[in-house]
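The block underneath contains the structure these notes are about, expressed in structure tokens.
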Amino acid sequence: MTDKLAKTDDTALLKAAIDQGATPEALEKLLTLHERIADRKAAMEFAQKLAEFQADCPPIPKTSTARITTKSGIQYGYKYAELDTIANTVRPKLHGLGFSYSWDSAEDKGQLSVTCILRHVNGHREQSSFSCPTDSAAPVTGAQ
């Protein structure tokens with residue numbers, strides 16, 4: 001449904017209710033119901049598009065290597081994908097399905113909190129957060 005059609009439907013629905021003598025309370029209930037239905041449709045579309053993305057997302061290459069030496073001198077390593085590699089891999093698929101994302105972060109008392117917000121063009125959004133210490137005596141930081 002296009003935005004113009006949705007606005008027309010909203011206006012027609014309200015006009016019909018007013019023409020039939022609906023009270024302000026009834027109009028408020030009608031609008032609340034309409035908003036709940038629209039939110040549910042947006043959440044369902046979000047879920048469907050996210051499932052499409054997950055089915056079509058290409059593998060993300062792990063092109064970087066971390067090399068760690070512990071306090072006891074033991075060395076180990078692992079491969080990982082850098083954030084820009086992840087973003088460049090998923091961005092075209094996400095945007096093609098109407099998704100966008102943004103990051104928010106805050107630091108307080110030695111804790112870093114990071115939130116990723118995934119939005120869809122229909123207005124629905126989901127977010128996920130994590131927190132970790134910013135100072136660590138370990139060979140890798142809490143964020144790593």
Side-chain angles (χ1 to χ4, degrees), residues 1-71 76-144:
M1 175 174 6
T2 66
D3 287 339
K4 184 176 181 182
L5 180 58
K7 288 177 184 172
T8 302
D9 287 348
D10 291 346
T11 304
L13 184 63
L14 283 175
K15 184 173 180 345
I18 291 168
D19 289 347
Q20 292 181 7
T23 65
E25 294 79 16
L27 290 173
E28 186 175 343
K29 286 181 181 182
L30 185 62
L31 283 174
T32 299
L33 176 61
H34 176 73
E35 288 170 357
R36 283 184 26 217
I37 292 169
D39 289 347
R40 182 167 169 81
K41 285 180 182 178
M44 289 170 59
E45 183 181 354
F46 180 99
Q48 186 238 341
K49 294 298 181 181
L50 185 58
E52 286 180 39
F53 168 75
Q54 290 172 339
D56 295 336
C57 185
I60 298 172
K62 295 180 179 181
T63 56
S64 297
T65 302
R67 302 203 187 284
I68 310 299
T69 302
T70 65
K71 287 181 181 179
Y76 66 95
Y78 60 90
K79 296 194 68 73
Y80 67 96
E82 293 190 13
L83 186 56
D84 62 339
T85 301
I86 297 169
N88 290 333
T89 303
V90 302
R91 186 180 298 117
K93 295 282 185 186
L94 285 173
H95 289 189
L97 293 168
F99 287 107
S100 64
Y101 62 89
S102 62
W103 297 92
D104 191 16
S105 62
E107 186 176 355
D108 185 35
K109 299 178 184 170
Q111 283 287 116
L112 175 66
S113 297
V114 180
T115 301
C116 180
I117 304 162
L118 181 64
R119 294 176 178 83
H120 192 253
V121 295
N122 66 16
H124 188 78
R125 69 184 225 163
E126 299 281 333
Q127 66 183 46
S128 182
S129 301
F130 73 90
S131 295
C132 59
T134 57
D135 187 24
S136 173
V140 295
T141 68
Q144 291 170 319

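Small disclaimer: the values here were computed from a predicted structure and weren't measured. Start at 1 with the first residue, then count along the sequence.
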Restricting to non-hydrogen atoms, name the atom on [X] and the atom on [Y] that form the minimum distance, rounded to 0.1 Å.
{"X": "Ala17", "Y": "Leu27", "answer": "CB-CD2, 3.6 Å"}
{"X": "Phe46", "Y": "Arg125", "answer": "CE1-CA, 4.4 Å"}
{"X": "Asn122", "Y": "Ala42", "answer": "ND2-O, 2.9 Å"}
{"X": "Thr89", "Y": "Pro58", "answer": "CG2-CG, 3.7 Å"}

Sequence neighbours excluded, every pair satisfying salt bridge (Lys or Arg N to Asp or Glu O under 4.0 Å) that has a member inside residues 45-63: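 Listed by first then second residue: Lys49-Glu52.
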Any pair counted as salt bridge (Lys or Arg N to Asp or Glu O under 4.0 Å), so long as it reaches residues 13-24, sequence neighbours left out: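 Sorted pair list: Lys15-Asp19.
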Nearest-0.5 Å distance that lies between atom [atom1] in [X] and atom [atom2] in [Y]:
{"X": "Glu25", "Y": "Leu30", "atom1": "CD", "atom2": "CG", "answer": "13.0 Å"}
{"X": "Ile18", "Y": "Gln20", "atom1": "CD1", "atom2": "CD", "answer": "11.0 Å"}
{"X": "Ile86", "Y": "Cys57", "atom1": "CD1", "atom2": "SG", "answer": "10.0 Å"}

Non-hydrogen side-chain atoms of [X] and [Y] separated by less than 4.5 Å:
{"X": "Arg91", "Y": "Tyr101", "value": "yes"}
{"X": "Leu118", "Y": "Phe53", "value": "no"}
{"X": "Gln54", "Y": "Leu50", "value": "yes"}

Once side-chain hydrogen bond (donor to acceptor under 3.5 Å, both in side chains) is applied, do any residues pair with [X], and if so which ones, sequence neighbours excluded?
{"X": "Arg40", "result": "none"}
{"X": "Glu28", "result": "none"}
{"X": "Asp104", "result": "none"}

Main-chain N/O of Ala47 paired to His120 side chain as donor or acceptor, under 3.5 Å: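 Not at all, since once roles are kept as given, no pair shorter than 3.5 Å links the two residues.
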Donor-acceptor pairs under 3.5 Å, side chain of residues 106-117 to any protein atom, not counting sequence neighbours: which ones?
{"unit_1": "Glu107", "atom_1": "OE2", "unit_2": "Thr134", "atom_2": "OG1", "d": "3.4"}
{"unit_1": "Ser113", "atom_1": "OG", "unit_2": "Ser131", "atom_2": "OG", "d": "2.9"}
{"unit_1": "Thr115", "atom_1": "OG1", "unit_2": "Ser129", "atom_2": "OG", "d": "2.7"}

